[in-house]
Amino acid sequence: MAQLSLFLVVLLALVIPIFMARFQISNVPTAVAEIIVGIVMGSSGFNLITSMYDLTFLSNLGVILLMFLSGMEIDFDLLQRKNNPKGKSQAGKTVDPLKTAITAFIGIVVMAFVLAYILRLTGLFSEVMLAAIILMTVALGVVIATLKEKNILGRPIGQTILLTAVLGEVIPLLLLMIYASVNGGNAEQLWLIILLFAAAIFLLRRFKQPYLWFAKITKATTQLDIRLAFFLIFALVTVAERVGAENILGAFLAGMVMKLLEPSEATKDKLTSIGYGFFIPIFFIMTGVRLNLRSLFAHPSSLMLLPVLVIFLFIAKAPVVLTYMRYFQKKNAFAGGFLTATTITIVLPTLQVARKLHAITSTQSDAFILAAVIVCILSPIVFNSNFVLLPEDKIKEKVAIVGANAVTVPVAHDLHANWYSVKMFTDKKNQYKTYDSRVENLTFLPNLDEETLEKGGVFDGDIVVAANRADEDNIKIARMAKEKGVNRVIARLSEVDSKTLTEFNEKGIEVFNSTNVHAALMRAMIESPTVYRIMTDTKNILYSVKVKNTHYTGRQLMDLEFIDQITVSRIKRGDEWLIPRGATEIEPEDILVFSGEFKVADRVRDLLSKE
């Protein structure tokens with residue numbers, strides 16, 4: 001029977017995603033589907049799968065890897081204000097995603113404690129701190145997957161929801177650590193947890209440089225990057241248990257350390273494959289198997305807790321909706337609040353800790369799990385049904401062009417509206433009068449000092465083009481834009497001296513020199529007329545795109561379903577340019593240079609660039 005249980009769990013882990021793909025069930029997270037199937041196959045249903053040592057061991061590894069991968073999902077760049085710039089929201093207001101997320105989460109914390117006290121006063125659940133921790137959690141993995149599906153991860157509302165989810169994963173874990181130490185009789189050893197963080201910092205510093213070397217010498221039979229990841233996991237899990245903290249906190253910290261080591265996309269894919277390909281599905285399925293609905297239905301008090309918890313899990317995120325409504329369209333703010341109600345990935349480890357501390361009964365734990373499952377089914381459905389992609393959500397990059405003239409105005413018109421949102425600025429009144437009727441978003445700036453440019457929103461874009469007629473203005477604007485953290489800065493210079501060119505190369509500022517461009521086009525016309533025709537063709541377009549969609553990595557060019565509709569000219573891999581062949585395998589972060597008809601090229605670029 002034990003071997004049959006193991007076989008059935010592994011079989012179900014394979015069949016569930018296939019079944020969901022076949023019947024196009026996309027609104028329900030796979031983890032929730034696995035728990036539901038576990039309930040059907042376990043003690044609450046057909047009782048075909050029983051808990052045994054091997055499955056318990058694999059399930060425990062699954063929860064550790066789940067927390068490790070959750071730690072790896074934290075994007076620390078988003079927490080830096082320079083990488084988290086203010087932008088215009090859907091309501092036309094300026095929104096700071098980090099500030100808005102913090103405000104929303106403070107509201108969640110207050111509401112969670114209020115609701116936890118109500119549970120205590122009604123006699124449904126007495127542990128206020130534990131209930132508050134569970135009510136304030138957010139399933140970061142589910143949120144990221146949903147935002148990626150909508151392709152709004154980089155938009156103001158997407159970043160605000162993402163940062164709210166990050167806080168909803170990190171803060172509850174830290175509170176759980178304190179709760180577990182106090183209730184586990186280790187309150188006097190709470191200060192020792194500092195050692196856990198010290199160990200994490202030590203491992204980060206110790207392996208920062210060796211990791212780069214590992215990446216160079218690793219091979220198929222050694223996989224040093226993966227071995228290092230598991231060393232970090234077990235090192236910090238061991239330290240966590242030694243100082244009286246929970247192993248899930250150690251695993252979460254290990255994931256954060258791994259993230260800070262800046263692993264390659266290939267390493268992330270391998271770790272994700274190991275976790276979500278085998279161990280984590282076993283944890284979710286076994287969670288369902290252990291769920292005893294018969295016992296839950298036999299206890300009226302615990303059964304009464306179920307609908308209250310479902311309602312409270314939604315009410316706890318009401319402050320998110322109210323905060324978002326100040327900046328975003330009401331319907332989308334409502335949808336975003338519902339999405340942050342997803343709690344499954346952190347609730348399960350939290351309940352595991354609570355059961356170990358005997359702070360919760362098994363039937364109460366089952367009620368919490370079932371409530372989290374119900375909420376996880378409803379939340380993505382409500383989000384997808386209500387969230388409306390507005391034009392500003394569909395724009396990939398915001399371009400700010402300083403200088404309205406005969407060169408920049410045609411460029412602003414020609415930039416593809418599906419990919420770029422263009423704003424133009426000028427400090428010349430005669431240019432403003434000439435082009436105001438021809439350019440949709442043209443703003444007059446009284447001067448080009450830093451305060452005026454920042455107030456005008458020049459540095460809010462993803463790309464800043466300094467294209468005034470005066471080189472000194474463009475040099476000044478380019479320097480300021482780079483200092484403000486703008487991703488790409490392009491300076492139009494009629495004359496380029498070696499000192500400025502060296503400085504700009506070091507800062508990552510791109511230089512457009514019309515003399516060089518004209519010479520290059522003339523040479524292309526003479527040496528490669530086909531290339532020239534591609535560049536000037538009005539029916540086709542030449543694109544370069546960085547491959548971020550892992551669905552297309554590890555595949556040969558000849559196997560891509562759209563390869564017969566485009567022409568791939570070159571592939572840039574790191575600093576090396578590759579000549580594409582049918583058997584060339586695409587790797588993460590490859591830059592493909594290709595051409596094709598507008599509609600086809602747009603679709604291919606969209607597919608390849610999706611994260």
Side-chain angles (χ1 to χ4, degrees), residues 85 87-88 395-417 419-525 532 535-536 538 541-542 544:
K88 291 291 182 183
I395 299 299
K396 297 290 183 177
E397 292 182 294
K398 293 183 285 185
V399 181
I401 302 176
V402 183
N405 48 60
V407 173
T408 58
V409 170
V411 170
H413 286 154
D414 290 343
L415 284 173
H416 205 311
W419 298 99
Y420 302 100
S421 171
V422 183
K423 286 186 178 180
M424 295 194 73
F425 303 86
T426 181
D427 64 326
K428 307 290 189 296
K429 279 204 171 182
N430 61 326
Q431 289 181 345
Y432 181 76
K433 290 177 182 177
T434 302
Y435 295 111
D436 184 34
S437 60
R438 294 166 55 187
V439 178
E440 186 177 349
N441 290 311
L442 179 60
T443 303
F444 175 72
L445 302 174
N447 56 64
L448 298 177
D449 62 41
E450 185 176 341
E451 186 181 349
T452 304
L453 291 169
E454 189 163 18
K455 194 176 290 184
V458 173
F459 305 131
D460 292 342
D462 303 296
I463 303 172
V464 168
V465 181
N468 251 345
R469 292 199 180 278
D471 282 5
E472 57 268 24
D473 286 342
N474 296 334
I475 291 170
K476 180 179 72 173
I477 293 166
R479 285 171 177 161
M480 285 190 289
K482 209 62 186 174
E483 286 171 6
K484 295 293 180 182
V486 177
N487 186 29
R488 284 188 67 199
V489 179
I490 301 170
R492 178 192 177 195
L493 302 178
S494 55
E495 294 182 6
V496 188
D497 61 83
S498 58
K499 184 179 177 182
T500 304
L501 191 60
T502 302
E503 178 200 344
F504 279 18
N505 284 337
E506 289 174 353
K507 291 182 176 179
I509 298 171
E510 302 164 59
V511 174
F512 174 87
N513 180 266
S514 56
T515 304
N516 290 343
V517 171
H518 291 153
L521 282 172
M522 178 66 77
R523 191 174 70 248
M525 182 178 280
Y532 179 83
M535 294 177 68
T536 57
T538 56
I541 192 166
L542 182 68
S544 71

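Shown here are the side chain to side chain donor-acceptor pair (under 3.5 Å) partners of T408, two or more places apart in sequence or in another chain: N405. The side chain to side chain donor-acceptor pair (under 3.5 Å) search around D471 returns S494, not counting sequence neighbours. For K428, the salt bridge (charged side-chain N to carboxylate O under 4.0 Å, His left out) test picks out no residue, with sequence neighbours left out. Residues passing the side chain to side chain donor-acceptor pair (under 3.5 Å) test with T434, sequence neighbours excluded: none. For R469, the side chain to side chain donor-acceptor pair (under 3.5 Å) test picks out no residue, with sequence neighbours left out. Remark: E451 pairs with D449, K455 by the side chain to side chain contact (heavy atoms under 4.5 Å, CB included) rule, at least two apart or across chains.
Remark: D462 CG to S421 OG distance equals 9.5 Å, nearest 0.5 Å. Here the straight-line distance linking atom OG1 of T426 with atom CZ of F444 works out to 7.5 Å at 0.5 Å rounding. Distance check, rounded to the nearest 0.5 Å: CD of E483 to CD of E450 gives 7.0 Å. With values rounded to the nearest 0.5 angstrom, Y432 atom OH is found 10.5 Å from L445 atom CG. The CG atom of L501 sits 9.0 Å away from atom CG of L493, with the distance rounded to the nearest 0.5 Å. Separation of atoms NZ (K398) and NZ (K423) is listed at 7.5 Å; rounding is to 0.5 Å.
Residues V464 and I477 share a closest heavy-atom pair of CG1-CG2, 4.4 Å. Taking each heavy atom of F459 and M480 in turn, the nearest pair found is CZ-CB, 3.8 Å. Of all heavy-atom pairs between L442 and Q431, the closest is CD2-O, 4.5 Å. Summarising the geometry of A400 relative to F425, their closest heavy-atom pair is CB-CE1, 3.8 Å, with the distance given to 0.1 Å. Considering every non-hydrogen atom in both T452 and P446, the closest pair reads CG2-CD, 3.9 Å. In terms of heavy-atom proximity, L453 sits nearest to L448 at CD1-O, 3.5 Å.
Looking only at side-chain heavy atoms (C-beta outward), F504 and V489 stay at 4.5 Å or farther from each other. When side chains are defined from C-beta on, I509 does not count as touching I490, because their heavy atoms never get closer than 4.5 Å. Side-chain contact check for T502 versus E506: some heavy-atom pair is nearer than 4.5 Å. Side-chain contact between I475 and D473 is absent, with no heavy atoms from C-beta onward closer than 4.5 Å.
Among the candidates N474, V511, N513, the single residue satisfying the side chain to side chain contact (heavy atoms under 4.5 Å, CB included) test with R492 is N474.
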Discussion item. Could you go through I463 and V465, starting from their C-alpha distance and side-chain angles, then the distance that decides it, and tell me whether this counts as side-chain contact (heavy atoms from CB on, under 4.5 Å)?
Written reply: CA-CA 7 Å; I463 303 172; V465 181; 4.1 Å; yes
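Salt-bridge annotation for K507 and E503: present, with a side-chain N of the basic residue lying under 4.0 Å from a carboxylate O of the acidic one.
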